[in-house]
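One structure is given below, encoded as C-alpha cells.
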Amino acid sequence: MDALAPIYVKVLLHLRLPNPGPPVMRATSILKLLCATAAIVLCATPHVGAAEKKTLGFAVTKWNTAVYEGKFMDECPEGLNPSNKDIWWSKLNWEQRRKTPDILATQRSPWNFRGEHGEDVCVAPTSVKDPPLRIVKGGVSFGMNLDGNTDGAATAKTCKHENFTGVDGTAGVDNQMYRLFGCVYAWRSNGHIEQNANSHRLSSGLGMILIEISDVDDMRNDDHVDVTFYRGLDPFATDSAGHVLPFSSYRIDMENGKPRYGDKVAGKIVDGAIVTETGNVHLPFFGNYQYMNQEIRDLRLKLSIAPDGKTAKGDVGGYYSVEQIYRYVSGMLGAFPNTTQFSCPGIYVAAHELADGYPDAKTGECTMLSSAFKLEAVAAFINHPEAKPSQQAAR
Amino acid sequence: MISTKFKRAVLLAGLALGLAACGPKEPQTAGTPLGIRRLSEEQYRNVVADVFGTGIVVSGRFDPMIRTDGLLAVGAWNTSITPQGLVQYEEMARNIAAQVVSDANREVLIPCKPASAAAYDKVCAEQFFTKVGRLLYRRPMAAEEMTATLKITEAASDSLKNFYDGVGFGLARLLVSPDFLFVSDVAEADPKNAGTQRLNAFSKAARLSFFLWNSAPDDRLLQAAEKGDLYTAKGTEREVARMIASPRLKTGMRAFFSDMYGFDAFNVLEKDATIYPAFGQVAAQDAKEQTLRTITDLVLKQDGDYRDLFTTRKTYMTRPLGRVYEIRVTTPDGVWEPYEFPIESRRAGIQSQLSLLALNSHPGRSSPTLRGKAIRTYLLCQRVPDPPGDVDFSKFGDPDSPNKTARDRLTAHSTMPACAGCHKITDPIGLAMENFDGAGTFRTSEDGTPIDSSGDLDGVRYDDPVGLAKALHDSPAVAACVVNRLASYATGQPTAQSDKWVNFLREDFASNGYRVKNLLQRIATSDAFVAVPPPAAATSTKQASAQ
Amino acid sequence: MTVLLPKSAPRRALLRGLLGGGATTLALPFLDCFLDGNGTALAAGAALPVRFGTWFWGLGHTPGFGVTDKKASGPGIDFLTECQALIPHKDKINYFGYFNTPLDGRSNYTHFSGWVGSRTGTAPVTGDEVPAPTFDLLIADVIGTRSRFKTIDVSATGNPRDSYSARNTNSRSAAEVSPISFYARLFGPEFVDPNKGDFTPDPRIMLRQSVLSSVAEDRQKLTKLVGASDKAQLDEYFTSIRELEGQLALQLQKPEPNLACQLPPKPAETNIDGQATGVLIDTVKSNHAAFAKLMAMAVACNQAATFNMVFSASLSQLRKAGESANHHSLSHEEPRDPKIGCQPQTSWFNARSMDALAVFVDAFAGIREGAGTLLDNTLIFAGSETSFARVHSVDNIPVMTVGKAGGRIKTGMHIVGNGDPITRIGLTMMKVMGVQVDKWGTKSLQTGKTINEILV
C-alpha cells in the first residue's frame, strides 16, 4: 500500500486543478479505486467532489415494452389473441375455405380487407366488429405508480382504471399498455415486434436515443443532475460477434443550431442509480419500418449503471398516446401482413377503453395509456457540435 | 519547373547541412562490403506502384525475411528466393504484366502504339522496355538484356498473335529477373584514388532511394546518376536534399520505423474478441497507423527531437481507436483527427499507444515481460537473453494462488535464479505499463487488486508510465539506438557500438537536437555510406555476421 | 518411366545450387528398384509414385498420456488419452519413443532447438539459426521434380511464418494459410485434369518456360559481379528458376489418366472476412480439415510429391475463445491436477492436435489409389518440437510415421530409441524415399543407423 500512495496523491492533485476543458471522466474510476482501498477517507474529502462536474452518456441499444410474463401465463386466462388472419379464417364457410388458394392468387392479404365494404381494417378499424381483444387479467406488472394513488380512482389527469402490484411489490402500479399488449404474442418475449425494432435500429442507425446525464458531482449520491434525451446520428459500432461496443462517439441530430430532440428532466443519483423527476419527453423511434417522434408524458427514468461503467439498464414510465400507438400498430401490418398476431380493430377498441391518462377536455375520455418500458444502453460519448476530443470515459 | 516551396525546402536543407558541416569531422572508415539483397515485400509493391501506378494489384505471398541484428532490412542482405517463393514471384510477374498491358491500362502505360495490335512491333516494344526497364533495373538496360527481352516479346507476340500479350511476357521477364528482384551493389575503380574502389553511380542511387524512400530511384535520381552528379559531393547533397524534402520521405520513414519497432507482427496480431471486443481488425490497423502518424508528424513534419516520441501526448485518433482508448472522438468514421492525451490519462509516448502495447501482449492478457523485452530490443537496441529451457512455471499461474496481479506472479517467478536475471531486465519496464491491459485500455486494477506501476529503467526510478516515458526520453540508449538502426538500415550492415562512424553520427545527432531529418542527411551524404573496401576485402563479410 | 525434366537438364545446376548446404550428399532422383510392384501401379501401367510429407504440431504430449511406454521395440502401439483419435489408425502408424536430441552443450532454444535438431540433424547455435536443410527438402530434391509443385507448405494457424521446412536460416518459404487461395493455386484455371480426354499444351506455358530460360542465361553475368556469399543467394535463386522450368515442362505433357484424382469442391469461406487466420482452436481445426482434404487431393493429382502441413506452431498459441491463456501459456502455468496426474487443459489441447492428425490421415486414407489408398503410397512424418512442454524437454519428442510408403515400410510398430539420436528417424525417412545418404547430422546428432525394424 505504501508503494501505491504517491500515485493516488498525484492523481488527487490533478483533480483539484481547475480544468477549462470538458470534465475529466477518468476521475471516477480513480475514485472507485480509492474507495476500494484504505484511502477511503480521501474519497470523502469535499474538495475532491467539488473539483469537477461530470457528464455521462449512454446510447440506447434496446427499447422494449415492459411485459410481465407469469410462469403459467396466468395473466392471460383467455389465452393469446388471434390474428387478423385467424379472425378472417374463422368467419369463412367451408366452401370459402376450399377456395382460399384462388382468393390468394388474386388478392394480397385478403384478411386485411374484411371491413364491411372491403376496407383495410387497420386503416379503418371501426369498419368491422372483431371479438374483444384478450387483455391482461393478472395483478402483477412492471411499471411505476404514475398517478400517485393505489386504488385506480380517476384524478384530474386520469380516468378510472385497475392498478397492478409491481413485480417488486410496489402498490398502485399503472400500466394499461401492458394490459393492452400483454396477451398479444408479438409483444411477448418470444414475439418478434420488439426484437425486430431493436435489430432495425442496430442495423440502420436510425431512431437512435441518446441519454446524457450532466451536472454530476458525485457518482454515488447526488441530489441534482440533468437528464437530456437526444437523437443520435451515428450508427452503433459492433464487435465481431455483433454486440454493440461501449465508448463510441455519437453526434446529436441538430436543426437550425439546436438539437432536434433534447427534452430535459431533472433527476438525482441514489446509491449509484439515476432517478428522474417527471417531464414530457419526445423520443425518436425507428423499427418495423416505422418512424415516430414519440411523446411520453410524465416520463420518469430509473437508470442503473453496471459496475464496470460500460452498460446500463433502465426502467421508463409515463403516458403514451393511444393515437400514436395505434398508428404504429396499424402501420406495421402493412409491413408484416402475414405474421402479425393481432387484430387491428381489437387493439383499436381496447386501447381506447383502457386509456387512463389525459382525459379529452370535451369528451372526458382518456387519450393516453399508462405505460412502462425497459431499456438497455451502452456508455457513449455524446458529441455536442462544439465538443472537443480529450474526454475520457466515466466509469 | 521547380516550385518555390520546393526551392525553399532544398535551400533550408542545404543550410542545415552547411551548419552541420561546422561540427565534428566524419572519421575515415573502411566502407561497407558489397552485397545483394532481395527487395522486401513493401519495396516490391512500392516500385510497382511507382512505375505502373497504384491501380495495379499485387497479390501473392513473399518469402519471409529473417530479422537480423534488429532489422528485417539487414536480413534482406542474406535472403534469397526459395523454389516455392519463385512460383509466387513468377505468378505475380505475370499478373502485373497482364494488368499493365490490359485494354484499360495500355493507353497510359505503353508510350506508343504498334503498327498492328496483332503483330510484333520492335520499335514500340523497345520504346516501352527502354523506359520501364530503366526504372525496374534502376539503371539503363544493357544491350543484351534488351535483346533477350525483345526476343521473348517477339516469340510471344507471334505465338499469341497479339502485340500486347507479347509485351506482357517481355515485362514478366523483367519482373522475374534477378536484376529486378535483387538490389546488387556494383563497385568500380575509383578514378580519383588509384587502387581503390567506389560504388557506381546507379548502385549509389539505389542505396539512397531505398534508404530514404523505400523504393527505387525516380527518373531524376537516375538522371543524376547518368550525368555523374552522384560522384560529386555537391551533386549528392543536392539530390539528398531533394529526396528529404520529398513527400516520399514519409513512405521511407514509415518503412524504417515499422521495421525498427517490429510492426511486421501486426500481420499476425490477434486479440481475443470476447476479452477485448473493441480491438478488432480495424482498430488494429488504426493502432499501427496511429503510431506511424505520430512518428512522421513529430520527426518529419515538426522536425522535432526524436526523444520526444517517448513523452509526447500528441497523436491522431479515429473512432475505432476511441472505443479501445475509451475516449471521445469528434470526427466521423474513417477520419483521423489530431488528439492530445490529457495528463491524467497517464499516456505519454508511443510506447503507451495501443500499437506497442497490444503487439507485445498475449491475445487475452497483457505481458510485462514481452513489453519490457520490446522496449529493450526495439527502442534501446539491447539484447534480452532467451529463456532457459527447463523451467516449471506452474506454481506462478495457479489461479488459487495469492498472486493476483502480473507483478505478484512475476515476483514469484523471479525467485528462481535461472529466471531472475532476464526478468530483472525486462519486468521493471513492462510493469510500468500494467495500467494498460492486453489491448491497451487503461485500467487501475487487475483481478480487484490495485496495480502498482512503479519500476526502474537502468537505475532511474519511476512511479507510473509517465515516469517511464521520461526515463526513456532521458536514456542515452534511446538516441543511440535509432542512430545504430538507421546506420544499419542504410548500409545493410550490422553496426557495432564501437563503430567510429556510428559514434560520429551519434554525436552529430545529439549536437543537432536529435533531429532525424538531419541524421538522415548526414548518413546519406557521408563517405561511409558509399565507401567500398579495397578490392581484396570487398567480398562480403556478412555471412560471418549472419552466423 | 520418363523423368520429366526440360532438355536443358537442370539437374546438375540444381545440385550445384544445393551443395554446401547440408552435411549430406545427394543422389539423383530415386531409384525405381524401391518400388515393390504390389499394386503400386497406375491404371495406365506406370508405377504409382510414393509421396512424402511432414505434419507438425506444437508442444508434444504429456508423458504417460500419449502412449504406454515400451521396454523394447515391437509391433503394437498402445495409445492413451491424448492419442485416442489415432487408435483406429494404429495399424498404419509407427510410433518412435525415447529418441533424444543431444545439444552438445548448445543452448536449448525453447520450442526451436527441438524441431531444428530433428529436422536438420544439427543443433542450432542461435535462437533463429537453421544450420542445414530440413530433411523434407532433401527428399523433395529427389522426388519433387516430377510434380507440378516441388513441395507445398501449409499452415492452419493463419501465420505464414509457421513453417518448419527451410533450406537455411535465410531461406524459408511462406506457408499457405488460406484454404481458398490454396485451392485457387492448386485447382484453379491452370490445373490440368488428368482424366480429361483432350489435352493441348498451353502455348503460354511454353512462353513462361522461355522467360525462365532467358532469365537463367543471366546467371554468368551476375555471378561475375558478386562475392562468394552473395553467390550463394544467387545460386539459390537460379536453382529455383531451373526447378520452376522443370515443373512447367511437366505441364506440357499429357498427364497419365489418374482415377484417384478428382477435382475437389471449392472450400467454403472460413470466416466472415474470408480470411483464414487466427489461433482459436475451432478456426484452426476447420482450416486444417479443409487443408487436409485439399492436400490429399493435391497429392493424389500429382500436384506435389512432398508437402509440409503445420497444425499448430511450435510455440502453440491455440486457444479457446474468451480464455486469456493459450496452449503454450497453459503448458507452463496450469497446475497439475493431482487426481488425473496431468495439466488437464494442456492435455486437452494435446489431444485436439492428435484429433487433427487423425483427420489428416483420414483424408489420405479416403482416396482410393491402385489396389489400396493414397495413404499406402505416402509416408508422413508427424513430429513435434518438445516432449514435455512444461519443462521444454527435447528428449523423447513424440514422432510418428503414418502410411506404408508404397510398401517400403512396415507399420503398427512401436520403436524404442533407448536414447539414440532422433536423427535416426530422419535418416530412415530419407533412405526410404531414395535420398542417397549414408550419414546424416553433425556432432552427437550424427548417425548412420537407420531404423531397420520398420524397413521391409
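Every chain is numbered from 1, with letters handed out A, B, ... down the list of sequences. Quick caveat: nothing in here was measured; it's all calculated off a predicted structure.
Interface remark: C/Phe149 contributes side-chain atoms only to the contact with chain B (heavy atom separation under 4.5 Å). Using a 4.5 Å cut-off between heavy atoms, B/Tyr276 makes no contact with chain C at all. Within the 4.5 angstrom heavy-atom criterion, only side-chain atoms of B/Asp264, from C-beta onward, approach chain C. Only the side chain of B/Arg94 comes within less than 4.5 Å of a heavy atom of chain C; its backbone N, CA, C and O stay farther away. Of the two parts of C/Ala216, neither the backbone nor the side chain holds a non-hydrogen atom closer than 4.5 Å to a non-hydrogen atom of chain B. Interface remark: C/Phe238 contributes side-chain atoms only to the contact with chain B (heavy atom separation under 4.5 Å). Contacts between B/Leu174 and chain C at a heavy-atom distance below 4.5 Å are absent for every atom of the residue. In this structure, no portion of C/Ile152 lies under 4.5 Å from any heavy atom of chain B. Of the two parts of B/Ala76, only the backbone, made up of N, CA, C and O, holds a non-hydrogen atom closer than 4.5 Å to a non-hydrogen atom of chain C. Neither the backbone nor the side chain of C/Asn168 comes within contact range of chain B; no heavy atom of the residue lies under 4.5 Å from a heavy atom of that chain. With a 4.5 Å cut-off on non-hydrogen atoms, C/Leu330 does not touch chain B at all.
Residues B/Ser159 and C/Leu207 form a side-chain contact, since some pair of their non-hydrogen atoms from C-beta on lies under 4.5 Å apart. For the pair B/Asn78 and C/Thr169, the minimum side-chain heavy-atom distance is 4.5 Å or more. Annotation: side chain of B/Val268 is in contact with side chain of C/Pro160 (closest heavy-atom distance under 4.5 Å). Counting heavy atoms from C-beta outward, B/Gln88 and C/Arg185 have side chains that approach closer than 4.5 Å. You'll find the side chain of B/Asp63 stays beyond 4.5 Å of the side chain of C/Arg172, heavy atoms only.
A salt bridge links B/Asp179 to C/Lys221: at least one charged side-chain nitrogen sits closer than 4.0 Å to a carboxylate oxygen. Using a cutoff of 4.0 Å between basic side-chain nitrogens and carboxylate oxygens, B/Arg67 and C/Asp128 are not scored as salt-bridged. A salt bridge links B/Glu270 with C/Arg319: the distance from a Lys NZ or Arg NE/NH1/NH2 to an Asp or Glu carboxylate oxygen falls below 4.0 Å.
For the options B/Asp185, B/Val176, B/Leu181, heavy-atom pairs under 4.5 Å to chain C are most numerous at B/Val176. In terms of non-hydrogen atom pairs under 4.5 Å with chain C, the most contact-rich of B/Val186, B/Val87, B/Thr149 is B/Val87.
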**Request:** Could you walk me through whether B/Ile152 and C/Ser210 pass the side-chain contact (heavy atoms from CB on, under 4.5 Å) test, one step at a time?
**Result:** CA-CA 7 Å; B/Ile152 295 280; C/Ser210 17; 4.0 Å; yes

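With rounding to the nearest 0.5 angstrom, the CD atom of C/Glu323 is 11.0 Å from the CZ atom of B/Arg365. To the nearest 0.5 Å, atoms CG (C/Asn170) and OG1 (B/Thr68) are separated by 5.5 Å.
For the pair B/Leu160 and C/Pro203, the tightest heavy-atom approach, listed with the atom from each and the gap, is CD2-CG, 4.4 Å. Scanning both residues, C/Gln233 and B/Ile36, for their nearest heavy atoms gives NE2-O, 3.2 Å. Taking every heavy atom of both residues into account, C/Arg161 and B/Met65 meet most closely at NH2-O, 2.7 Å. For the residue pair B/Pro178 and C/Leu234, the shortest heavy atom distance occurs at CB-CD2, 4.4 Å. For the pair B/Phe169 and C/Val211, the tightest heavy-atom approach, listed with the atom from each and the gap, is O-CG2, 3.8 Å.
For B/Phe129, there are no ring-ring contact (aromatic ring centres under 6.0 Å, His included) partners, not counting sequence neighbours.
Identified by a heavy-atom distance below 4.5 Å to chain C, the contributing residues of residues 79-86 of chain B are B/Thr79, B/Ser80, B/Ile81, B/Thr82, B/Pro83, B/Gln84, B/Leu86, in residue-number order.
For B/Arg173 (side chain) and C/Ser214 (main-chain N/O), a donor-acceptor pair under 3.5 Å exists by modelled atom type. Using modelled atom types, one side-chain atom of B/Asp272 and one backbone atom of C/Gly322 make a donor-acceptor pair closer than 3.5 Å.
No more than 12 heavy atoms of other residues, nucleotides or ligands lie within 6.0 Å of NZ in C/Lys231, so this atom counts as exposed by the packing criterion.
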